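Every chain is numbered from 1, with letters handed out A, B, ... down the list of sequences. Every value quoted in this text rests on a predicted model; they were computed, and no experiment measured them.
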Amino acid sequence: MSRVLPLSGFPEWSPQERIVEAHVVRELRRVFELHGFGEIETRAVEPVARLSGDSEAAKEIYTLGRLNAEADADAKLGLHFDLTVPFARYVEERQGQVQFPFRRYQIQKVWRGERPQEGRYREFYQADIDVVGRDQLPAHLEVEVAVVMARALAALPIPAVTMHVNNRKLVEAFYRGVGVSDVSGALRSVDKLAKIGPEGVAKELAAQGVSETASDAVLALAAIKSSDVGFVEAINDLWETSTLSPGFEEHQVALAEGIAALTALVSGVNAAVPGCAVADLRIARGLEYYTGSVYEAFVEGHEDLGSICSGGRYDSLVGGGGFPGVGLSVGVSRLVGRIIAAGLATATRSVPSAVLVAVVEEEARGASAAIADRLRARGIPTEVSPNAAKFGKQIQYADRRGIPFVWFPGDGADGEVKDIRSGEQVVADAGSWEPPAEDIRARVVPG
RNA sequence: GUGGCUAUAGCUCAGGUGGUAGAGCACCUCGUUGUGGUCGAGGGGGUCGCGGGUUCAAGUCCCGUUAGCCACCCCA
């Protein structure tokens, strides 16, 4: 055992940074609740069998057991790696009690055993909103959750967020119409478009047995992107000029439905937060279970960070189906990490205190404490100097923490209070003196 | 899980070809003896990640190991 060193991937913020994180969480919570989402918290663990449905995800699961557990102990537990799986279990477990459609938000830590790097942690906060229905879920909810999330993200101290949206139903109908049989295989390849380029995707599609004409059509669809409903015409044109497979008519209805849903989504989100939504027909989302709208959001100018929020509609997440839902998930820690690293926003001070009451001499500490209590009684966060050092030292103590006011107790009267930023010092009464409203609490301001 | 790079003071980093550890910033003290920040002078701080090897001698060369960073994979 040598030195104590940080563990990569397990971020621990300083008090000042933590104020920024708390601000982000508070804003998300405020907007979610403003739209009627109630909060739940699920346990940190689930049986491994439930978590590892997807073999890819299984590799990332941290398992949990007692140090002295029997080697053959079964019913192994694992830390959850997202909030969707625990939520599905929660709903299934309480299907008799919860009211549908059930709308909830959840802000908790999740754990993934992956190689960390900037924006990728092994322990981090996610903030999810979902709406789950019983047997059916109206399509307008796919618009609503996106609107709520767009508004929540717009409330954060970050540049504008762009939400790229697509519709699985639309894509699937189109792919089948042009003769692609392995739709999810094709989607997985299209998902890599940004990374491997059209040629790379074409190569993968060919390997999957997709014909060249179908491959061309798939890539042409993926190239469509518009911040308004212009994509509708583009898709229809493409459909009409593509070589369609026999029996394409049966996909025509689903295609039209998908287009209508995507249209409603783009217009709905943009009506709430102008310029936020972009129809982007290449957005695929790796996850298999999405069946309708899919979302993927990026911060303008910080695309290198990757997606900071994503989600979609699913029809059978909860065992056996019957609980269709739609939801979005924000990578809170990824966002906060970038806000801090790039200085997008900072806390105005590192401690809650608005006032430091100086101590004249240890024998007079009681007088300082009394002044502090009178300020606290009126909601002004106050601390008393830890020592009776020279006033210069006590001022320095406040300055280093960003505490804006130092109170000097006086003989008989309460003394004087100094704004150490301006140097202005006035005689004051602890029963009535008020700092400017913006100085009462630490604030988060743009960097 | 795969690959590349890195590891020296609290922080950022110097330390050709091996010869007993340096700078800037930060910190402490004093100038200024109870009102900070500027300025000046002085001062305290380092198992050179860890283990082994080569050598008269290793921060420096070799091997191993651990950790960090970056990319891949995947994803928030």
Chemist: Please state the C1' separation for the pair B:G22 and B:G68 - nearest whole angstrom.
Modeler: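 Straight-line distance between the two C1' atoms is 24 Å.
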
Chemist: Got a sec, which residues hit salt bridge (charged side-chain N to carboxylate O under 4.0 Å, His left out) with A:Asp128, two or more places apart in sequence or on another chain?
Modeler: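 Listed in chain order: nothing, the list is empty.
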
Chemist: Looking across every strand, which nucleic acid part, if any, lies under 4.0 Å from A:Lys393 by heavy atom: base, sugar-phosphate, or nothing?
Modeler: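 If one applies the 4.0 Å heavy-atom cut-off, A:Lys393 turns out to touch the sugar-phosphate alone, with no base involved.
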
Chemist: With 3.5 Å as the limit, what N/O pairs link the protein to nucleotides 40-42 of chain B?
Modeler:
none

Chemist: For A:Arg122 and B:A76, what is the distance between atoms CZ and P respectively, to the nearest whole Å?
Modeler: 18 Å

Chemist: Determine the interatomic distance between P on B:A7 and the same-named atom on B:U17; round to the nearest Å.
Modeler: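 Nearest-Å result for B:A7 against B:U17 at atom P: 14 Å.
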
Chemist: For A:Tyr121 and B:A76, say yes or no: do the ring centres fall under 5.5 Å of each other while the ring planes differ by less than 30°?
Modeler: no

Chemist: Can you tell me which residue among A:Phe100, A:Tyr314, A:Phe102 is in a ring pair (Phe, Tyr, Trp, His ring centres under 6.0 Å) with A:Phe323?
Modeler: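 Of all the options given, the one that passes is A:Phe100.
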
Chemist: Would you kindly give the CG-to-C1' distance between A:Leu83 and B:A76, to the nearest whole Å?
Modeler: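 Value for this atom pair: 10 Å.
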
Chemist: Can we say A:Lys76 and A:Glu46 salt-bridge, meaning some charged N sits less than 4.0 Å from an Asp/Glu carboxylate O?
Modeler: no

Chemist: Between A:Arg378 (side chain only) and A:Gly431 (backbone N and O only), is there a donor and an acceptor less than 3.5 Å apart?
Modeler: yes

Chemist: Contact class for A:Ile420 vs. all strands (heavy atom < 4.0 Å): base, sugar-phosphate, or nothing?
Modeler: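 Base contact.
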
Chemist: Using a 4.0 Å heavy-atom cut-off across all strands, classify A:Val299 as base, sugar-phosphate, or nothing.
Modeler: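 Nothing, no heavy atom under 4.0 Å.
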
Chemist: Give the rounded distance in Å between these two atoms: NZ of A:Lys192 and P of B:C72.
Modeler: 13 Å

Chemist: May I ask you to decide whether A:Glu204 forms a salt bridge with A:Lys192, counting only side-chain N to carboxylate O separations under 4.0 Å?
Modeler: yes

Chemist: Could you check how far CG of A:Asp82 sits from C1' of B:C75, rounded to whole Å?
Modeler: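 Whole-Å distance recorded here is 11 Å.
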
Chemist: Would the base of B:U35 count as contacting A:Gln425 through its side chain, where contact means a donor and an acceptor less than 3.5 Å apart?
Modeler: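 Between B:U35 and A:Gln425, which were checked side chain against base, a qualifying N/O pair under 3.5 Å is present.
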
Chemist: Under 4.0 Å from OP1 or OP2 of B:A76: is there any side-chain N or O of A:Ser307 that close?
Modeler: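 The answer is no; no side-chain N or O of A:Ser307 sits under 4.0 Å from OP1 or OP2.
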
Chemist: Any base atoms under 4.0 Å from A:Gly306, or only sugar-phosphate, or nothing? Heavy atoms, all strands.
Modeler: nothing

Chemist: Determine the sole option in A:Tyr90, A:Phe87, A:Tyr62, A:Trp111 for which the ring pair (Phe, Tyr, Trp, His ring centres under 6.0 Å) test with A:His80 is passed.
Modeler: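 Of the listed options, the one satisfying the test is A:Trp111.
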
Chemist: Considering only the C1' atoms, how many Å lie between B:U8 and B:A67, rounded to the nearest integer?
Modeler: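 Per the computed distance, 16 Å lies between those C1' atoms.
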
Chemist: Using whole Å, what does the distance between atom P of nucleotide B:A76 and atom CD1 of A:Ile283 come to?
Modeler: 12 Å

Chemist: Taking salt bridge (charged side-chain N to carboxylate O under 4.0 Å, His left out) as the cut-off, I'd like each qualifying pair that reaches into residues 26-40 of chain A, sequence neighbours left out, listed once.
Modeler: A:Glu27-A:Arg30, A:Arg29-A:Glu39

Chemist: Round to a whole Å and report the spacing from CZ of A:Phe10 to P of B:A67.
Modeler: 12 Å

Chemist: Determine the Euclidean distance between corresponding P atoms of B:G49 and B:G44; express it in Å to zero decimal places.
Modeler: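 Per the computed distance, 24 Å lies between those P atoms.
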
Chemist: For A:Gln126, which contact category applies under a 4.0 Å heavy-atom criterion: base, sugar-phosphate, or nothing?
Modeler: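 It contacts sugar-phosphate atoms only.
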
Chemist: How would you list, by chain and number, every residue that makes a side-chain contact (heavy atoms from CB on, under 4.5 Å) with A:Arg421, sequence neighbours excluded?
Modeler: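 Counting only residues at least two positions away or on another chain, A:Arg421 forms a side-chain contact (heavy atoms from CB on, under 4.5 Å) with A:Pro404, A:Phe405, A:Asp419, A:Asp439.
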
Chemist: Sequence neighbours left out, what passes side-chain contact (heavy atoms from CB on, under 4.5 Å) with A:Asn270? Give chain and number order.
Modeler: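 side-chain contact (heavy atoms from CB on, under 4.5 Å) list for A:Asn270, sorted by chain: A:Val266, A:Cys276, A:Ala277.
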
Chemist: By nearest nucleotide on RNA chain B, pick out whichever of A:Gly331 and A:Gly392 is the more 5' one.
Modeler: A:Gly392

Chemist: What distance, rounded to whole Å, do you find between the two C1' atoms, one in B:C27 and one in B:G10?
Modeler: 8 Å

Chemist: What interatomic distance, in whole Å, is found between C1' of B:G24 and the corresponding atom of B:C63?
Modeler: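 Each nucleotide's C1' atom is 36 Å from the other's.
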
Chemist: Taking only residues two or more places apart in sequence, or in another chain, which ones meet A:Glu41 in a side-chain hydrogen bond (donor to acceptor under 3.5 Å, both in side chains)?
Modeler: none

Chemist: Is the number of heavy atoms from other residues, nucleotides or ligands under 6.0 Å of A:Glu438 CD greater than 12?
Modeler: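 Counting neighbours around CD of A:Glu438, more than 12 heavy atoms of other residues, nucleotides or ligands fall under 6.0 Å, so yes.
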
Chemist: Which heavy-atom pair separates A:Ala345 from A:Pro157 by the least distance, and what is that distance?
Modeler: CB-CB, 3.7 Å

Chemist: Could you pull out all residues at least two apart from A:Val351 that satisfy side-chain contact (heavy atoms from CB on, under 4.5 Å)?
Modeler: A:Ser353, A:Glu383, A:Arg401, A:Ile403

Chemist: Paired stems touching RNA chain B, three or more consecutive Watson-Crick or G-U pairs with both distances under 3.5 Å?
Modeler: B:1-7 with B:66-72, B:10-13 with B:22-25, B:27-31 with B:39-43, B:49-53 with B:61-65

Chemist: List the residues meeting side-chain contact (heavy atoms from CB on, under 4.5 Å) with A:Ala358, not counting sequence neighbours, and say none if there are none.
Modeler: A:Phe391, A:Gln394, A:Val406, A:Phe408, A:Pro409

Chemist: Could you list by number each residue of residues 14-24 of chain A showing a heavy-atom separation from RNA chain B of less than 4.0 Å, or answer none if no residue does?
Modeler: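 None - not one residue of the stretch has a heavy atom sitting under 4.0 Å from the strand.
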
Chemist: Please round to the nearest 0.5 Å and tell me the distance separating atom CG of A:Leu262 and atom CG of A:Leu170.
Modeler: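 It comes to 6.0 Å.
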
Chemist: Which whole-number value in Å describes the distance from A:Gln394 CD to B:U35 P?
Modeler: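 Value for this atom pair: 11 Å.
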
Chemist: When you measure from the side chain of A:Arg112, which nucleotide among B:G36, B:C74, B:C75 comes out closest?
Modeler: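 Of all the options, the side chain of A:Arg112 is nearest to B:C75.
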
Chemist: Taking the P atom of each, how far is B:G4 from B:G42, in whole Å?
Modeler: 49 Å

Chemist: Just the rounded figure in Å: distance from P of B:G36 to CG of A:Asn387.
Modeler: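 Result: 16 Å.
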
Chemist: Please list all pairs meeting side-chain hydrogen bond (donor to acceptor under 3.5 Å, both in side chains) that have one or both residues in residues 354-363 of chain A, counting only residues at least two apart or in different chains.
Modeler: A:Glu362-A:Arg365

Chemist: Near RNA chain B, counting only heavy atoms under 4.0 Å, which residues of residues 395-409 of chain A show up?
Modeler: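 Contacting residues: A:Ile395, A:Gln396, A:Asp399, A:Arg400, A:Phe408.
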
Chemist: Which is more 5' along RNA chain B, the nucleotide nearest A:Gly423 or the one nearest A:Val332? Just name the residue.
Modeler: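 In this pair, the answer is A:Gly423.
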
Chemist: Would you measure the distance from the C1' atom in B:U2 across to the matching atom in B:C28 and give it in whole Å?
Modeler: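 Each nucleotide's C1' atom is 49 Å from the other's.
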
